[in-house]
Structures are given as structure tokens and as C-alpha cells.
Amino acid sequence: MHVDEFRTGLRAWLDEHDLRPVHDGSLDGHMAQLSRVRRALFDAGWMRWGWPEHAGGLGGPVILRAVLGEEVVARDLAEPGIYTLIEVLAPTLIRYASPELLGFVPKLLAGEETWCQGFSEPGTGSDLASLSTRAVRDGDAWVIDGQKVWTSLAQYARRCVLLTRTGGPGHRGISAFLVDMDSPGITVRPIETMHGRDEFAEVFFDGVRVPAARMLGAEGQGWEIAMSILPDERSSCFWQRIAYLYNRLDRLLAEAPAASPRQLGEAFLDLHAIRCRSRLTQHRRTRGDRLGAETSVDKVLLATAEQRLFDTARDLLPGAVEYGDSPWREEYLYSRAATIYGGTAEIQRNIIAKRLLSLGNE
Amino acid sequence: MIDAADLALLSEGLRSAMAEARSAAGLDAALAELGWRELLEESPDEAVALVFGLLGETGAHAPVLNDVLLHAMKRPLGGVVALREDGLAFGRPGEPSPADLDPALGLCRVAWEPLTDEALAAGRRALGLQIVGAGRTMLALAREHALARTQFGRPVAAFQAVRHRLAETLVALEGAQAALEHATDPMTAKLGKALAGRAGLTAMRHCQQVLAGIGFTAEHRFHLFARRVLVLDDLLGSASALTREIGESLEASRIVPRLVDL
């Protein structure tokens, strides 16, 4: 399946099938809409392209997933943040799960299940390798104790891709599991956030027994698994985020009574730069290049573009963020997190300095 | 299209010609000798990317922007074209012009004639690539200095504030480079030049700060690149002017163009 053919076919299909959201804007509403969109796109085949056949996909290049994401987001069919989560969950399973666990992937793609990613911990933000949630072997199971935080959609999730410590300190002591969220001993507490959409949660593990067959990869392979999602996050996910930001600049142009050319120009330049950069990154990936530290450049460009765009919106739509119930408020506030999640802007600059500029150690 | 091996060989030839050049006229002749004009006629995109990237990096100058503009206007190569309404142009042979910020550019005055859209786009792409090349050399000079210069018992490259300035420089240059690789028409060339100008000024600011005292002297090469970037940013539309123009066109059309697709 060629990109252009896919895009043309998809657009025609979306023109005929009305999947526009009809909900109240609540998180429950967004989640129901997401499932509806996934189900329809999966049944029509669009959601299966770019995923391998042995995981329920139809094969074809990964870039097709980015094209699909762009169309979904450009038409406002799903909230981009929650839509892109599967891009960092399904690939982990596809690369590291046993054939038996692979059977879960189609449920995720088809919107039958929501999953979450248990990585961050209260004491473990930027320094992910220091995580301390413990898994101890007990017969044919592992017993898990600890706490995760910033776990998106945990309150909706059927399963969790969980990082735990099974060995000593550092990278090599980490192992990953696919854990059922209805296992006894798991407690989820949603976190109230400043932007008012409580999509993050704390997850507590208190003597949770997980069958040994639920380990992803081998014991001690957890760090490799966690790092393996980077190319997915930094290609298809980013492209969808960029599409969303273009969509919001469209909206700003439509709504701003008097514009400021200089500010609009700056905001558009930032978007154009990350769009060009991201396109090159995805084509490198399609050619089979290994994506690595250089994607920190993409990450910084994207976060900068996002914050500049919403800063511009706040300037050009005076009061929209501060008064009444305009959707700009929530999105403006959420954009403040762009330089924090997925590795802070500072960590990205550290990586660029050390790995791309070879500046040695701090 | 030229193959990769030929390109690498040509790139080496160009680089040493630029390193050895004693004058703009000398380099102009050397480039002609190396087949610059034939290459420009045959594969303009590759020719411009190669030659202007290297001019930027090496800090050498030859008045070959004239050829890029003439080629885009389908006129014979070898002449001189005004770059501003006041008639400013890269002179041929290009006698140094000591009154200007960057005397090596050999600026002269000729009659002004508006550029076609194609010429403007080709010229902006070329200048953008040259600015990014110059930015990369400023970054290399600052990096070298940060690793060599020791204060408080360690290289200044070990201080996070210094590292982050250099990281920020690379991010700006890579964003501009990506845009220039997608500069295929007047609009994308305008965006590319604006991003390049912005990145060049970012590189100048951060690298000069990292170079500190030595970067303020005329005994270190940094100032040559800083002067070059300021002039190149101004020519055919500065980052500041183009950004405003781009914003005005968004405002007028109320449409955000998606200029690049997967």
C-alpha cells in the first residue's frame, strides 16, 4: 500500500462515514469517541495498515499509521493525546510479547480495550532507570509491590505495560510485564490536573500476583523495551501532534479578530520547521535507519512550537484563556506540559550536548 | 542527478578550492574550472546545496549567487545581479569593500531590476543554506573552545548552561536545514530563508557567548562568520521581514498551508 493511495482512499472513506464526535467534552466522552473511531477504522481496515500481519495488522510501512493519525486529528475525530497512546504500547508487545500475548494487540487497535503504560514513579521522573517498583519471583508468578504515577488513562485501562525492578540497581535490573488491571492488589487514583482533564493517575501495586508468562522479553530486558518505543513515539506520535497544532493554528486564524503578523509568522515558522524535520525522520525510519539521540532535536522543536502556538493564541484572543469556558483554556494549560512529558526539555538538551555535540560529561 | 561517489569527490575539490582561495575573483575562477556552471545547469538543486553549504562552512566567498539568480531567470551566467533596491550586488571580480560590515563580500552597485519569483526563491534557498553552513562553523568553533577552555578546574563544556546554549544552536540549525531541504517553491523558500536567518542569529548569539572574550576579538575567526551571517540574513529578506510577510499572508488568506506531506 502506497502512502498517496492510502491517503486518498482514507479521505474518501472518511468523507462518506461520519465519525464526528457527539459528546459533552468530558474525558468519558472522549474515551467513548476514541473507541468508536477505532472500531470503525479497524473494521474498515484503515487502523490495521502499518501494523504487522502476525499482530492482526495488514502490513505495509509504519508511515501509514502517521498518515491515518494526521487525518483523524485534522478532522478532530479524536483527542490527539489519547489517540496516540497505542503508538507507544502496541509496538512494545509486537516486539517482545510471546505469541500468546500477541493476541491482545487487535483488541487494542480495535478500541475494545484501553491500556496504560506504567513507567514513571514518584521518585523516578527524568531518571527512569532508578525506578523501584519491585517484582519478586514466587513459583510460577511474580509478586509486585510499588507505585506508579502519571499513568495516562489507568482508570480506563484493561492492561498495563509495567516496568519493575527484578534485579539490582540500574538499567540491567529492570523487567517489563503485561499486567491485567483487574488483578487483586491494584488501586488507581486519578490525579486532578491544572487543565481540568484528569487523564493521569497514580497506580498502587500491593502484593499483585502476575503469571510468569506475562513477562515481556526476558528478565532484565525491561530497559531495552522501554527505550524501544522511542522511534515510535518520535515518528508517528509526533506527526499526529504536529497535525493537531496545524489544526489549532487554523482555528486561531479563524477566531482572532485582529492578528499580529509577526507573531503568526513566528508560530507558523516553528510548525513548518518541525513538520519538515519530522518528515525527514519518518522517511529515515522507513528506509530502515535506526532512530536515536538525533530525535531529541525533533522533541525540542515540537515542544517549542507547541508552546509558542498557544502563547500566540493567548495573545491574539485576549481573555479566551482567562474567562468563560473556551476550549483554548484547557489546551493552553496542557501545552505547558509539552516541555515536561516524554523527557523534559532539559534532558533533551543534555542528550543533544552529550551525544550529538560530543561535549563530554558534565 | 550525480551519484554519491562523484558528489563526495566534487565536495572535496570544492572544499580545498575554498580553503586555498585568496580572493573572491580567484575562487570564482576556480569554481568555474571545477565545473560549477555546468553543474548548476545540470542539477541546480544539488549544485546549490553543495556549493552554498560549503561557502557557509568555510567562510570563503565567490560571487556565484549571481549565477544562481541568472540561471533561475534563464539568462546567461557570469553577470552581476542587484540583490537590493539600492543596487547592492556581489561584485565580479569582487574588489573588497572596506566600508561594509563584511568587506570580503566585495559588494558593488548596479542597476536594480526586480527579481522573478523563481530567482527570488532560488536565491533565498542558496543564502539560507550558506547561513546554516556558517552557523555550523560557529557551533564547531564554540564547541572546540568550550572543550579546550578550563575554568574552576574543568572544561567550560562541563557546565550545563554552556551545553544548553550549544544544544539550542544545533536545534535551530537542524530545523532550518530541514526546511531548506523542502524548499521547492517561492513559499517554502521564503520559509526556509526565514528559518535560516533566525537560526544564524541564534547561533551567533549563543556561540559568541560561549566563546566569550576570545570571540569578541578579531584575532579569532568567529567574527568573520558573525559578519557574514548578518549580511546574508539581510539579503533577499531578513528573518524579521520575512516572518512578518509570512504572517501577513496567513492573515490575508486565513488558511494555514500544509506545504509538506509524508
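Naming convention: chains lettered A, B, ... in sequence-line order (proteins, then strands); numbering from 1 in each chain.
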**Message:** Test side-chain contact (heavy atoms from CB on, under 4.5 Å) on B/His164 and A/Asn350; report intermediate values, then the result.
**Reply:** CA-CA 7 Å; B/His164 284 194; A/Asn350 288 351; 2.6 Å; yes
Given a strict heavy-atom distance threshold of 4.5 Å, which part of [X] is in contact with chain A: side chain, backbone, both, or neither?
| X | answer |
| --- | --- |
| B/Leu166 | both |
| B/Pro155 | neither |
| B/Glu245 | neither |
| B/Leu180 | neither |
| B/Ser249 | neither |

Within a strict 4.5 Å, meaning less than it, do heavy atoms of the [X] and [Y] side chains meet?
| X | Y | value |
| --- | --- | --- |
| A/Glu294 | B/Glu174 | no |
| A/Leu264 | B/Glu248 | no |
| A/Arg279 | B/Asp261 | no |
| B/Ile246 | A/His272 | no |
| A/Phe268 | B/Leu191 | yes |
| B/Gln177 | A/Cys276 | no |
| B/His182 | A/Arg275 | no |
| A/Asp250 | B/Arg254 | no |

Atom [atom1] of [X] and atom [atom2] of [Y]: how far apart are they, to the nearest 0.5 Å?
| X | Y | atom1 | atom2 | result |
| --- | --- | --- | --- | --- |
| A/Leu269 | B/Thr243 | CG | OG1 | 4.5 Å |
| A/Ile352 | B/Leu170 | CD1 | CG | 6.5 Å |
| B/Leu259 | A/Leu271 | CG | CG | 11.0 Å |

**Prompt:** When you look at CZ of A/Arg7, are more than 12 heavy atoms from neighbouring residues, nucleotides or ligands closer to it than 6.0 Å?
**Reply:** yes
**Asked** So does B/Phe216 have more than 12 non-hydrogen atoms from other groups sitting under 6.0 Å from CZ?
**Response** no
**Prompt:** Which pair of heavy atoms, one from A/Ala273 and one from B/Ala178, lies closest together, and at what distance?
**Reply:** O-CB, 4.5 Å
**Item:** Where B/Leu262 and A/Ala66 come nearest, the two heavy atoms and their spacing
**Value:** CD1-CB, 3.5 Å
**Request:** Before giving the answer on side-chain contact (heavy atoms from CB on, under 4.5 Å), spell out for B/Arg163 and A/Glu362 the whole-Å C-alpha distance, their side-chain angles and the decisive distance to 0.1 Å.
**Result:** CA-CA 9 Å; B/Arg163 300 162 79 83; A/Glu362 277 174 48; 3.3 Å; yes
**Message:** Does any backbone or side-chain atom of A/Gln263 lie under 4.5 Å from a heavy atom of chain B? Answer side chain, backbone, both or neither.
**Reply:** neither
**Under 4.5 Å from a heavy atom of chain B, the part of A/Val67 involved** = both
**Request:** Go through the steps for B/Glu251 and A/Ser260 under the test side-chain contact (heavy atoms from CB on, under 4.5 Å), then give the verdict.
**Result:** CA-CA 8 Å; B/Glu251 213 181 295; A/Ser260 152; over 6 Å; no
**Asked** When heavy-atom pairs shorter than 4.5 Å are enumerated against chain A, which of B/Arg154, B/Glu168, B/Arg143, B/Arg244 gives the highest number?
**Response** B/Arg143
**Request:** Would you check if the side chain of B/Arg258 reaches a backbone N or O of A/Ala243 as a donor-acceptor pair within less than 3.5 Å?
**Result:** no
**Asked** Hey, are A/Glu266 and B/Arg198 close enough for a salt bridge, meaning a charged N less than 4.0 Å from a carboxylate O?
**Response** yes
**Prompt:** Could you go step by step and tell me if B/Val171 and A/Gln348 meet the side-chain contact (heavy atoms from CB on, under 4.5 Å) rule?
**Reply:** CA-CA 10 Å; B/Val171 168; A/Gln348 304 311 324; over 6 Å; no
**Request:** Find the one option among A/Arg277, A/Arg262, A/His283 whose heavy-atom pairs under 4.5 Å with chain B are most numerous.
**Result:** A/Arg262
